[in-house]
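Every chain is numbered from 1 and lettered A, B, ... according to where its sequence line falls, protein lines coming before strand lines.
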Protein chains: 2
Amino acid sequence: MVCGGACGVGRLFLDFGCCWRVYRALVKSTVPKVTVQRLPVYLHCLEGMSGQEHVSSDQLAAMAGVNPAKVRKDLSFLGTFGVRGVGYDLDQLKFQIRLELGLEEEWTVVIVGVGNLGRALANYAGFTERGFRVVALFDPDPAKIGSKVDGITIEPLEDLEQSVRSKGAAIGVVTTPAVVAQETAETLAAAGIRSILNFAPTVIKPPEGIDVRRVDLSTELQVLSFYMHRRSR
Amino acid sequence: MVCGGACGVGRLFLDFGCCWRVYRALVKSTVPKVTVQRLPVYLHCLEGMSGQEHVSSDQLAAMAGVNPAKVRKDLSFLGTFGVRGVGYDLDQLKFQIRLELGLEEEWTVVIVGVGNLGRALANYAGFTERGFRVVALFDPDPAKIGSKVDGITIEPLEDLEQSVRSKGAAIGVVTTPAVVAQETAETLAAAGIRSILNFAPTVIKPPEGIDVRRVDLSTELQVLSFYMHRRSR
DNA sequence: ACATGTGAAGCGCTTCACAGCG
DNA sequence: CGCTGTGAAGCGCTTCACATGT
């Protein structure tokens, strides 16, 4: 980037001299996407530490498997609370990351599609540990309706909209077959869900105003396959 | 990048004039990482199409939710077999992607840790559909050993090395608790596994020569949390 | 006329290197 | 001295725009 040049934001052109920081703060006010993805990793590493009051970027970097400079830059987006010559205060750092990630709020989750994967997720301890509470399960199969998984009763699909709305759920997890994933996402959106985590092996076109993240298990295997294939040539 | 400038590769500096393509072909010979991640998505989209002989980059881009130019550039790494004014031959394109991803080989998979998630993955149809065959399951729990999941007998951890070696398995899926994930990865590496897919909520330091990919379900939720939190400020 | 293939510009993340400060 | 915070350079991916080809 040419420093001191003009920054184009949509059709608007602004000149901040050499100050990209001002640009970020005033115009975008955003933490880089890649940083957001690393914050949970840092948090996890920090939570596994004990018996020390401070952490250095080198230490955290080694645990998270990244470059120390990256750790420092990432953390600098949350504010300036490291101590030179010492490191970061462990408790404060954990708190700041949780705050930034919005983990101080308790988010409620519903899961649509109680197959093997849906059931596994309903039982997944990692959700509860992070403050995500599963409040409802939905499935179209009459044989499943009424039975419980981890204490939560499986409800019929027809009740989805009303149930989600009354519980004020924020996140919808889609573990349905691929063919009904889009439809499911739209129903969830209509019911007032704000974000969707999609495990169905298909691309969901995000409904208006909804943030969709995709986790595709077989995609991951295919990526591994590529690199194995490559290495053996 | 300054075109016509020098390209540094390690300590070696080479000058290829303006030709980044030559540089890629001769020195790196690699498809960009992000492209590799998108190829499975394209493939999935193509497999869902029928009743037409050709696809255009615009069409594929719309289905995959990306920019058309990106599709063309991605595909150009696999070779030059689009037809101007027409598009890509559907069957040929599917074949080329499968070839590039190494999906023409059948990879064998073992799963370590048969909890809810491990069981879900053992049953996961998406693996079989893509040519990944689960050949063994391992768990330390004596109560589980000997029972079957989807036709595969659960074996004790002690048999892992010998069993993996004799079956010539290529991919190890780690669905153990976080505390034993590293250890598990090293055992898998010692047994001759070549790649690891890690679902344990922790960072595995890759054993020598092993490619490790990490899928963390709660990380994904935390990323969603960040953006929801952000929006409501 | 239409869609690919691709230089080149744009943009954002990574990494270096060091000033700044306890 | 040690470690953070950060300009600036490096690098790779994205996107544009259009030459190229059918």
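Put simply, Lys70(A) has a side-chain N or O that comes within less than 4.0 Å of OP1 or OP2 on dT15(C). At the phosphate of dT14(D), OP1 or OP2 sits under 4.0 Å from a side-chain N or O atom of Arg38(B). Of the side-chain N and O atoms in Ser57(B), one or more sit less than 4.0 angstrom from OP1 or OP2 of dT4(C). Contact between the side-chain N/O atoms of Asn67(B) and the OP1/OP2 oxygens of dC13(D) is not found at any separation under 4.0 Å.
Rounded to a whole Å, the CG atom of Asp58(A) is 17 Å from the P atom of dC1(D). The CZ atom of Arg72(B) sits 18 Å away from the P atom of dA8(C) (whole-angstrom rounding). Distance Gln59(A) CD to dG2(D) P: 16 Å, rounded to the nearest Å. Between the CG atom of Leu75(B) and the P atom of dA3(C) there is a distance of 16 Å, rounded to whole Å. Whole-Å rounding puts the Asp74(A) CG to dC13(C) P distance at 10 Å. Put simply, CG on Leu78(B) is 14 Å from C1' on dT4(C), counting in whole angstrom units. One atom, NZ of Lys73(B), and another, C1' of dA9(C), lie 11 Å apart when rounded to the nearest Å. Atom CZ of Phe81(A) is separated from atom P of dC3(D) by 18 Å (rounded to the nearest Å).
Contact detail for Leu46(B) and Leu90(B): the closest heavy-atom pair is CD2-CD1, 3.7 Å. The two atoms that bring Phe226(B) and Glu100(A) nearest to each other are CD1-O, 3.2 Å, heavy atoms only.
For Ala69(B), taking side-chain heavy atoms from C-beta onward, the closest of the listed nucleotides dT14(D), dC13(D), dT15(D) is dT15(D). The side chain of Pro32(A) approaches dC13(C) more closely than any other nucleotide in the set dT22(D), dC13(C), dA17(C). With dG5(D), dC13(D), dT4(D) as the choices, the nucleotide that has an atom nearest any side-chain atom of Lys33(B) turns out to be dC13(D). Here the side chain of Ser56(A) is nearest to one of dC18(D), dC3(D), dA3(C), namely dC3(D).
For the salt bridge (Lys or Arg N to Asp or Glu O under 4.0 Å) test with Arg130(A), the passing option among Glu105(A), Glu47(A), Glu104(A) is Glu47(A); the others fail. Checked against Val174(B) for a side-chain contact (heavy atoms from CB on, under 4.5 Å), the options Leu188(B), Val212(B), Thr202(B), Leu197(B) give a single hit: Leu188(B).
The CG atom of Leu221(B) sits 9.0 Å away from atom OH of Tyr124(A), with the distance rounded to the nearest 0.5 Å. In this structure, Leu43(A) CG and Arg38(A) CZ are separated by 15.0 Å, a value rounded to the nearest 0.5 Å. Rounding to the nearest 0.5 Å places CG of Leu75(A) at 6.5 Å from OH of Tyr42(A).
Using modelled atom types and a 3.5 Å distance limit, the side chains of Ser57(B) and Arg72(B) yield a donor-acceptor pair. Defined by atom type and a distance below 3.5 Å, a donor-acceptor pair is present between the side-chain atoms of Gln182(B) and Glu186(B).
Two end axes, each from the C1' atoms of five base pairs, can be drawn for the helix from dA1(C)-dT22(D) to dG22(C)-dC1(D); they diverge by 0°, to 10 degrees.
Less than 4.0 Å separates DNA chain D from at least one heavy atom of each of the following residues of residues 84-94 of chain B: Arg84(B), Gly85(B).
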Applying side-chain contact (heavy atoms from CB on, under 4.5 Å) to Val34(A) and Asp74(A), what does each step give before you reach the verdict? CA-CA 9 Å; Val34(A) 283; Asp74(A) 282 343; 5.8 Å; no
